[in-house]
Amino acid sequence: MTDRRPFVGGNWKMNTNRTTGSDLARGVTDGLIGVDGVETAVFPPFPYLLTVRAILRDRGSSVRLGAQDNAFQNDGAFTGEVSLAMLKDCGTQVVLCGHSERRHVLGEKDETVNRKLRAVLEAGLEGVLCVGETLDERTAGHQDIVTARQVRTGLADIPASVADRLIIAYEPVWAIGTGKTATPQDAQEAHSQIRQLLARLFGPDSANRVRIIYGGSLKPDIAAAIFAQPDVDGGLVGGASLNAADFVAICKAAAASARGK
Ligand code: 13P
């Protein structure tokens, strides 16, 4: 029996516009009315945070507002960056740190991810540390070493006391946007390794409070089998989160999985 409340996030990435994002936010909030037992969040692009926040607020929705990235600096001459004060000002409650596209497309390093995550947690928000190996790393049998390094470095100087506001997203890069979902067994193995590492870093009690969620081609038909695994506490959804009905179905699968654990 676990006390961990599942978490499902919809990472919209660089998709939607003001109209389609608004429609999606309305579809998600309406679809999740009456769905208990799962914490949910949407991560729209920065320009639409306020628009989506207004929709969530008007509907009294419990769907949380998330941001896809943050600067670790407070303010100043950092053209194009967005600070945590700005994100909080726009109602953001949870932030993704070190998403694979930021690491592998935009060149973000473990140390930068750590500074960003520390800033998120120090600002009192929930932080989602994203980790996961590439196909080459997996083929070489290095998946455990890679994810352990990303978790260990990502969590440097972060105290166990933040366990309730920390989420780790295991998103194998080879599964993101490819249609190749990890098997439930692959996901459980990776999540269990991460939880064992967390126990060494934070102690077993705190490690048991951290949610570890799966991301990578999550779809409604496979979600229940993945969420049934003991160390999988929900998911981070990309493509399928752009369809309100699919995202809602995945959230419902997470809520149902919690009742069985
Ligand atoms: P897909 O669900 O499109 O594979 O994306 C996963 C992801 O990167 C979520 O952050």
Side-chain angles (χ1 to χ4, degrees), residues 6-16 20-21 24-25 27-28 38-46 48-49 52 63-70 92-108 113 116-117 120 126-135 137-138 143 146-147 150-151 154 166-184 186-187 190-191 194 211-227 232-254:
F7 177 99
V8 179
N11 177 8
W12 296 1
K13 306 191 180 185
M14 201 171 72
N15 295 299
T16 68
T20 59
L24 182 54
V28 166
V38 57
E39 195 176 305
T40 57
V42 289
F43 297 82
F46 289 141
Y48 309 132
L49 282 172
V52 172
V63 177
R64 298 162 85 74
L65 185 65
Q68 299 175 15
D69 185 34
N70 63 284
T92 302
Q93 296 154 295
V94 46
V95 186
L96 302 182
C97 297
H99 187 276
S100 100
E101 286 135 25
R102 298 214 57 84
R103 292 178 188 267
H104 298 293
V105 184
L106 299 159
E108 218 165 86
V113 175
K116 291 185 172 189
L117 181 62
V120 167
E126 273 187 278
V128 182
L129 171 63
C130 305
V131 301
E133 79 283 358
T134 63
L135 183 58
E137 289 162 343
R138 188 172 190 88
Q143 64 268 28
V146 171
T147 49
Q150 291 173 336
V151 171
L166 175 66
I167 294 169
I168 300 204
Y170 171 65
E171 299 200 288
V173 181
W174 48 269
I176 296 179
T178 59
K180 292 192 192 116
T181 319
T183 64
D186 284 342
H191 285 222
I194 292 170
R211 269 106 30 112
I212 307 177
I213 64 176
Y214 169 81
S217 298
L218 255 184
K219 301 278 182 296
D221 56 352
I222 181 80
I226 292 194
F227 295 160
V232 179
D233 307 311
L236 192 56
V237 190
S241 76
L242 298 174
N243 177 298
D246 284 353
F247 183 67
V248 166
I250 294 171
C251 294
K252 286 181 175 170

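Computation of the quantities below employed the complete heavy-atom set of this structure, encompassing side-chain atoms and omitting hydrogens, waters and symmetry-equivalent molecules. Note that ligands are numbered from 1 as they come in the structure, with each ligand's atoms numbered from 1 the same way. Computed from a predicted model, the values in this text were never measured in an experiment.
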**Message:** Any salt bridge linking Glu171 with Arg103? Criterion: basic side-chain nitrogen under 4.0 Å from a carboxylate oxygen.
**Reply:**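 No, this pair does not count.
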Would you please determine whether [X] falls within less than 4.0 Å of ligand 1 on a heavy-atom basis?
X	result
Ser241	no
Gly215	no
Lys13	yes

Measure the shortest side-chain to side-chain distance between [X] and [Y] over non-hydrogen atoms and say whether it is less than 4.5 angstrom.
X	Y	answer
Leu236	Phe43	yes
Gln68	Asn11	yes
Val131	Ile194	yes

**Fill in**
The reported gap from CD in Glu101 to CG in Asp69 (rounded to nearest 0.5 angstrom) is 11.5 Å
**Message:** Rounded to the nearest 0.5 Å, what separates atom CG in Leu218 from atom CZ in Phe227?
**Reply:** 5.0 Å
**Request:** Select one of side chain, backbone, both or neither to describe which atoms of Asn11 lie under 4.0 Å from any atom of ligand 1, heavy atoms only.
**Result:**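 Under 4.0 Å from ligand 1, Asn11 contributes side-chain atoms alone.
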**Asked** Any idea which part of Cys130 is under 4.0 Å from ligand 1, heavy-atom wise: side chain, backbone, both or neither?
**Response** neither
In ligand 1, which numbered atoms sit nearer than 4.0 Å to a non-hydrogen atom of [X]?
X	answer
Gly239	1 (P), 2 (O), 3 (O)
Gly216	4 (O), 6 (C)
Ser217	1 (P), 2 (O), 4 (O)
Ala175	4 (O)

Looking at ligand 1, does any of its N/O atoms fall within less than 3.5 Å of an N/O of [X]?
X	value
Leu236	no
Glu171	yes
Val237	no
Gly177	yes

**Prompt:** How are the rings of His191 and Tyr170 set relative to one another: parallel (under 30°), tilted (30 to 60°) or perpendicular (over 60°)?
**Reply:**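 Perpendicular.
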**Message:** Is there a side chain to side chain donor-acceptor pair (under 3.5 Å) between Trp174 and Glu133? Walk through the geometry before answering.
**Reply:** CA-CA 8 Å; Trp174 48 269; Glu133 79 283 358; 2.9 Å; yes
**Asked** In the protein, which heavy atom is nearest to atom 2 (O) of ligand 1, and how far is it?
**Response** Gly238 N, 2.9 Å
**N/O donor-acceptor pair under 3.5 Å between Asn243 side chain and Ala240 backbone** =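 Looks like no, no N/O pair under 3.5 Å.
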